[in-house]
Structures are given as structure tokens and as C-alpha cells.
Amino acid sequence: MINQYENLSYLSPFSGKTIPLKELCLSITDCPHSTPKWSEEGMIVIRSFNIKNGELDLSSPSYTDHGSYLERNKRATPEPGDIIITREAPMGELCMIPDGVECCLGQRMVLLKVNEQKVSNQYLLFALQSEFVQKQISKSDRTGSTVSNLCIPDLKEIEIPIFENSKAIADVLKAITSKIRVNNLINSELEAMAKTLYDYWFVQFDFPDANGKPYKASGGKMVYDPVLKQEIPADWHVNAISDWIRSDKTGDWGKETKQGNYSLQVDCIRGADINGINGQGNVDAPNRFILKKNDHKLLAPFDFVIEISGGSPTQSTGRMAFITEHVLERFDYPLICSNFCKAIDLIDKSYFYNFAYQWQSLYENGVLFGWEGKTSGIKNLLFDSFVSNYNVVMPPKDLAEKFFQFVSPLQEQRQKKLKENAELAGLRDWLLPMLMSGQVTIKLSTESKETQHG
């Protein structure tokens, strides 16, 4: 993806007023250097992976008991409006604790309690994310190891740019961030609707029968299938996954720059981008050049991209993203997948979303862990073996088409909002250094606020 503002991001160093971070905070408190006592429920523990893109993400929360919570908060209790900064793995990620969150900190984090008599906590959050401050944070790493570590004494001395209208700057940036957050909430609801219907129709088998009533709950005929070892609707079939697939195409990596016959410019989807395609993170697809004769590898609507190499001990290979015309519209160049991925399409496109949610269900339930091999320490999905030998239930075409018609407009809305979010994030990320450098100022009046070039 191309940031439309990137040609304006080469800025001169900030030369205005700065104040050390320690003078803007009531306290700067390191987290306990111990592992929390984990529990299935209880008090929330903020961990490094919960902090993403300036936001606190509690979609996968961790918990500790109340006694451990009190012990970890002896030095300082995190409160709404406080800022958390990660010390390592990664270093310098930030978020603000939102209203209604009662928590303690895990390891490798620092809690900032902002002196709001001197600066707004929202402005300080954005200032800490600025290039001017992040470069100082990077320089504070004195470990010399492969894992960067933020030193607390250096953190306290980091210079923060201060403006008379810092609150107005924060309000502008916050408005953009709030819109992104709203879009994400809408997308979560849209995806939940699609997943709920998939589960209702294709897992519980309560799809509408000829009378519009839930099939299984209304006494629809079920038969035992010896392959799946479960009952399925009478007119459904059991097939190997390969029976759904028409063809596949390998990925390509090409060259970083245009050279010789490597002249076809593309954006390349890697395994790391798959979650972002699905709306669960960022997409940072590298721009590459491939051979013109390899244009048959370009992704098209109704393709699936599947990660076949990668994963981790806790994450299997096999992450999947589905490609639609609205996904393609999020990029400035044609798409390919990397050579650590594979693209497939189906014999019958009516089953597109049914296949997508079925594959995702297998992935989320850990099925693909059982179909992995290793080469030089890298996990590989045994794709051909898996799709040829793993059997799934296949619904009638008319029901798959009904599901397609329901899900398609939901996914169209989701992809449009993801494209809007990328544009908003690009605008915010462009404005932030411009505001920090003084190249853009905020003019205030009694009736309106507007940004203009200074």
C-alpha cells in the first residue's frame, strides 16, 4: 500500500520548545520484574502484545487473581488516562488506559501518570509516538543486545515538544483515531454477524428448511456419516477439501527494484499481512517487481491466500485471507502472494464464503497443527496431503448461494471501512510529524478550528 502523504514526510528536526518527560508526569513507574500469577479469570494483566498502534487491545486478555493484582500495583495503580509504554519486545509501543478498565501491568512496561495541569494526556500520547520522540527512545537503548531495552533514567529525560495549542493538536489527531476506532467496532459487528450465521447454518445445521424453519431443530432428517462420525443433514455430502479446489498458484517474491524483465510492479502479500487483509491488524505489503511472464500469478477476486510456511509454537501455519474486488481496491498495484504462501480458487464460486469460514474454523480449532512438517526449523503446512485427506461436510449449492448473498455485502462494507482506515491512518501519521515540526499549525477561533500550512 502506498501512503499518499509520504512525499511530504521529509521534515526538518523540531526546533521549538521542549520539556523533559519527567516534568510532564506526576510519576514514571517501572512495572514489577516478575511474572504474574496467571488465572483463568480475575483482574486484567496488560501485556506487551495488548498494545498495538497506539491502542489497548483486550481481545485476548490475560488475568491474575486479586491478591496478585494488589501486589503488582503497590508502587502505582494504573488508572484511566494513564499512559503505558513498552520497554522491550517491542520497545516504545504506547497506549492510554481507557475508561472502565481496571488492570495491572505485566512485565517490560512503564506506567506514566500525566500531570494534566501541564499537558493533556492525549497530546502526550501522540507526542510520544512522534518520530522526534521515537528517535530519542531508540537511542536510549544501551544494552547492545538483539532485544532493545528502554532505560528508565533515559526515558525520564526524553524531550517532549510543547506547543501553546497542544490540546488542539491532540483533538485533531484524536478525531481521526476515534473514527478509525468506530470503523473497527462496526467491522467487528459485521464479522460477528457472518460468523454467527455460519455457525447456525453449517455447524448446528439450523439453516432455513422449505418452510423457513430451522432444519435440525424442526425435526429435519439427519443421517449418520461414518467418515465424519457425526450426523449430517440427509441431502448433504462429505468431500475431501481438494474436491472443492479448482487450481492453485505459487507465490512470487521478484525483485526490490525494476531490473531487466522484472518490470511488473506489484504489492506482495506475506503471511504477516494476512490478518491485516482480514481486518485484524496492519497491512504492510512490500512493493516488488516480478517477471511480466508471471502475470498468471496475480491474485484475482475469489482467490484465497494461504500461508504455507511460518507459524510459531502457538500459531499454526495455514492462516487464510480471501480476495475480493474490494480487497484489491485497497492497494495501488496488482497483488501477488509471497513464495511462503499459496493461492487457490474453487470449482464453484457459490461456495466462496462457505469455504472461507470453514477453513477459518479449522484453523482456529487447531486442526492444522496436525498437518505440519519442518524444513530447516521452519514449519511448513503439508498442504497437498491435508486437502486430499481431510474431509468436510459440503452443503447443497442453493444454501451456499444464500450464504454468499448474505455475507457478500457485509464483507464489502468491511473492506471499504478498512480502506478508509488506511487512508485515515496515513493522514494521521503524516499530520503527526508535521505538527511536531511546526510545518502545520492549528489556528483556533471562537467558532472553529482548522489546520493549515504554517
Side-chain angles (χ1 to χ4, degrees), residues 1 49-50 52-53 57 59-60 184 187-188 190-192 194-195 198-199 241-242 244-245 248-253 266-286 288 297 299-324 326-328 330-331 335-346 351-375 377-388 390 392 407 411 414-415 418 421-422:
M1 278 199 230
F49 65 76
N50 296 126
K52 303 174 183 177
N53 307 313
D57 178 3
S59 57
S60 299
N184 286 336
N187 274 357
S188 294
L190 293 172
E191 181 65 3
K195 284 186 173 181
Y198 173 81
D199 182 72
I241 294 176
S242 58
W244 301 51
I245 298 171
D248 63 63
K249 47 195 173 190
T250 57
D252 201 339
W253 188 234
V266 296
D267 287 326
C268 186
I269 298 300
R270 308 155 302 164
D273 300 306
I274 285 177
N275 286 347
I277 295 289
N278 295 333
Q280 299 165 347
N282 291 331
V283 178
D284 190 23
R288 308 288 294 182
K297 295 184 177 183
L299 300 178
F302 302 108
D303 281 348
F304 296 91
V305 175
I306 297 172
E307 179 187 36
I308 57 174
S309 294
S312 72
T314 58
Q315 173 188 295
S316 74
T317 51
R319 284 186 292 183
M320 179 275 298
F322 51 82
I323 305 299
T324 66
H326 301 290
V327 170
L328 297 175
R330 290 169 59 186
F331 297 84
L335 282 189
I336 60 167
C337 61
S338 79
N339 44 16
F340 275 27
C341 298
K342 180 190 289 287
I344 63 171
D345 68 345
L346 304 183
Y351 288 87
F352 181 69
Y353 285 117
N354 186 267
F355 183 91
Y357 284 96
Q358 182 145 238
W359 185 284
Q360 188 63 24
S361 177
L362 296 174
Y363 177 82
E364 290 176 352
N365 287 307
V367 171
L368 298 178
F369 277 114
W371 298 87
E372 292 183 325
K374 274 192 175 182
T375 304
I378 298 175
K379 295 198 302 178
N380 297 298
L381 177 65
L382 305 175
F383 179 84
D384 292 336
S385 179
F386 173 62
V387 299
S388 299
Y390 197 88
V392 293
V407 174
Q411 291 298 339
R414 290 185 73 243
Q415 292 300 328
L418 290 171
N421 279 359

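If you read the sequence from its start, that first residue is 1, and numbering goes on from there.
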Which residues pass the ring pair (Phe, Tyr, Trp, His ring centres under 6.0 Å) test with Y363, not counting sequence neighbours?
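Y363: no ring pair (Phe, Tyr, Trp, His ring centres under 6.0 Å) contacts found.
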Work out which heavy atom in [X] is nearest to a heavy atom in [Y]; give both atom names and the distance.
| X | Y | result |
| --- | --- | --- |
| N278 | R414 | O-NH2, 2.7 Å |
| P301 | L328 | CD-CD1, 3.7 Å |
| L418 | G276 | CD1-O, 4.5 Å |
| S242 | S388 | OG-CA, 3.7 Å |
| L299 | A343 | CD2-CB, 3.6 Å |
| R270 | S338 | CA-OG, 4.0 Å |

For the [atom1] atom of [X] and the [atom2] atom of [Y], what is their distance to the nearest 0.5 Å?
| X | Y | atom1 | atom2 | value |
| --- | --- | --- | --- | --- |
| D267 | D284 | CG | CG | 10.0 Å |
| I336 | C268 | CD1 | SG | 4.0 Å |
| E307 | C337 | CD | SG | 11.0 Å |

Is atom CZ of F369 surrounded by more than 12 heavy atoms (other residues, nucleotides or ligands) closer than 6.0 Å?
yes
Given 3.5 Å as the limit, does a donor-acceptor pair link the side chain of [X] with the main chain of [Y], or not?
| X | Y | answer |
| --- | --- | --- |
| K379 | Q315 | yes |
| D303 | I323 | no |
| D273 | V283 | no |
| N354 | Y198 | no |
| R319 | G311 | no |
| W359 | I306 | no |
| R288 | W253 | yes |

A side-chain contact here means heavy atoms from C-beta on lying under 4.5 Å apart; do [X] and [Y] qualify?
| X | Y | answer |
| --- | --- | --- |
| W244 | I344 | no |
| F302 | L346 | no |
| T324 | Q411 | no |
| N339 | T250 | no |
| M320 | I274 | no |
| I277 | V305 | no |
| C341 | I269 | no |

Answer with yes or no whether the side chains of [Y] and [X] bring together a donor and an acceptor at under 3.5 Å.
| X | Y | value |
| --- | --- | --- |
| S188 | N184 | no |
| E364 | Q360 | yes |
| E372 | T317 | yes |

Relative to F383, does K342 satisfy both conditions: NZ or CZ under 6.0 angstrom from the six-membered ring centre, and within 45 degrees of the ring's axis?
yes
Look at D345 together with K249 and state whether they make a salt bridge at an N to O cut-off of under 4.0 Å.
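A salt bridge is absent here (no side-chain N lies under 4.0 Å from a carboxylate O).
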Centroid separation F322 to Y353 less than 6.0 Å:
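F322 vs Y353: aromatic centres under 6.0 Å.
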For this output row, return yes or no: ring centroids of F352 and F304 closer than 6.0 angstrom.
yes
With side-chain contact (heavy atoms from CB on, under 4.5 Å) as the test, would you mind laying out the steps for V387 and I245 before giving the verdict?
CA-CA 9 Å; V387 299; I245 298 171; 4.1 Å; yes
Non-neighbouring partners of Y390 that pass side chain to side chain contact (heavy atoms under 4.5 Å, CB included), sequence neighbours left out:
I241, L362, V367, W371, F386, V392
